[in-house]
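A short worksheet on the structure shown next.
In listed order, ligands and their atoms are each counted from 1. For the single chain, residues carry numbers from 1 onward in sequence order.
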Amino acid sequence: MATIAENIQEVRRRIAAACALAHRPVDSVTLLAVGKTFSADAVRLAYDAGERSFGENYVQEAVDKIAALADLRNKLRWHLIGPLQSNKTRVVAESFDWVHTVDRLKIAERLSEQRPAALPPLQLCLQVNISGEASKSGLAVDEVLAVARSVAVLPRVRLRGLMAVPAPASDPAAQRRPHARLRELLAGLQRDGLDVDTLSMGMTADLEAAIAEGATIVRVGTAIFGAR
Ligand SMILES: *Cc1c(COP(=O)(O)O)cnc(C)c1O
């Protein structure tokens with residue numbers, strides 16, 4: 001079985017190949033290593049292999065891991081990529097660097113109020129239900145602009161862009177369509193005058209399609225840490 005360090009090498013190779021195909025510089029894509037269900041020791045191995053940005057889904061699991069890796073805190077960027085309930089916003093505002101899963105204004109307002117003054121602004125993405133699935137969390141496409149305008153003026157957070165988890169698809173063309181829609185949605189925000197630059201999209205199965213459509217952050221768990 002491959003080690004975490006070998007897996008990271010392979011994921012970086014995939015990212016570099018996808019960037020070359022898309023005529024994009026390789027440093028235009030940030031790899032977010034998604035460690036949910038894996039231990040702090042596994043995250044530390046990824047750190048030793050050069051990773052600095054980590055994604056977590058479950059708030060309590062993440063807070064425990066951030067504490068276990070407190071010696072690395074200034075070197076790491078912690079991103080929340082799982083659902084956020086309003087009763088958990090305070091610990092998230094105090095512990096994380098990024099939240100990708102803002103799906104209503106109320107959550108962003110609480111994060112802004114609760115972000116400690118000593119920390120830099122919390123970096124936010126709005127989660128979009130880009131495939132329009134009834135069961136999925138995220139804003140509907142036609143709600144995004146209004147929420148983005150309101151989030152962009154909050155003082156202690158900084159709106160960076162959009163995030164999506166599209167419905168799974170196996171062929172590359174089908175994988176690209178929802179990513180293209182998210183890219184067009186971000187371009188619409190930019191045309192509206194919002195200073196946004198981030199497209200958080202692409203996972204183990206579809207990172208090439210996401211990079212082809214402009215992903216700036218790919219969130220990869222299985223290909224780095226193994227099956228959950
Ligand atoms: C688990 C998860 C990932 C990583 O998925 P893999 O298929 O394991 O790469 C990415 N984004 C979100 C929102 C996730 O929950």
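- From the protein, the heavy atom lying nearest to atom 9 (O) of ligand 1 is Thr204 OG1, 2.5 Å.
- For atom 13 (C) of ligand 1, the nearest protein heavy atom (residue, atom name, distance) is Ile81 O, 3.4 Å.
- A salt bridge is absent between Glu113 and Arg156: the closest approach of a Lys/Arg side-chain nitrogen to an acidic carboxylate oxygen does not fall below 4.0 angstrom.
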List the atom pairs, donor and acceptor, that lie under 3.5 Å between side-chain atoms in residues 29-43 and the rest of the protein, sequence neighbours left out.
from: Ser39; atom 1: OG; to: Asp41; atom 2: N; distance (Å): 3.3
from: Ser39; atom 1: OG; to: Ala42; atom 2: N; distance (Å): 3.1

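- Every atom of ligand 1 is numbered from 1 in the order shown, and the set under 4.0 Å from a heavy atom of Arg219 is 4 (C), 9 (O), 10 (C), 11 (N), 12 (C), 13 (C).
- Remark: the backbone N or O of Pro83 is not paired with any side-chain donor or acceptor of Gln85 at under 3.5 angstrom.
- Close contacts of ligand 1 with Thr222, meaning ligand atoms under 4.0 Å from a residue heavy atom, involve 6 (P), 7 (O), 8 (O), 9 (O).
- Near Gly221, with a cut-off below 4.0 Å to any heavy atom, the atoms of ligand 1 are 4 (C), 6 (P), 8 (O), 9 (O).
- In Asn57, the part holding a heavy atom less than 4.0 Å from any atom of ligand 1 is the side chain.
- Using a 4.0 Å cut-off between heavy atoms, Met163 contacts ligand 1 through its side chain alone, with no backbone atom that close.
- Counting only heavy atoms of the protein, atom 10 (C) of ligand 1 lies nearest to Met203 SD, 3.4 Å.
- Each of the atoms 9 (O) of ligand 1 lies under 4.0 Å from some heavy atom of Val220.
- Atom CZ of Arg158 is surrounded by more than 12 heavy atoms from other residues, nucleotides or ligands within 6.0 Å.
- Between Trp78 and Phe96, the ring center distance fails the sub-6.0 Å criterion.
- Residue-level proximity to ligand 1 for Arg228 is carried by the side chain, the only part with a heavy atom below 4.0 angstrom.
- Between Ile107 and Leu84 the shortest heavy-atom distance is CD1-O, 3.5 Å.
- Residue Phe225 is not grouped with residue Tyr58 when hydrophobic side chains (ILVMFWY) are merged at heavy-atom distances under 4.5 angstrom, including chains of intermediate members.
- Checked for salt-bridge contact, Arg44 and Glu51 miss the test: no charged N lies under 4.0 Å from a carboxylate O.
- Interface of Lys36 with ligand 1, defined as ligand atoms under 4.0 Å from a residue heavy atom, comprises 1 (C), 2 (C), 3 (C), 14 (C), 15 (O).
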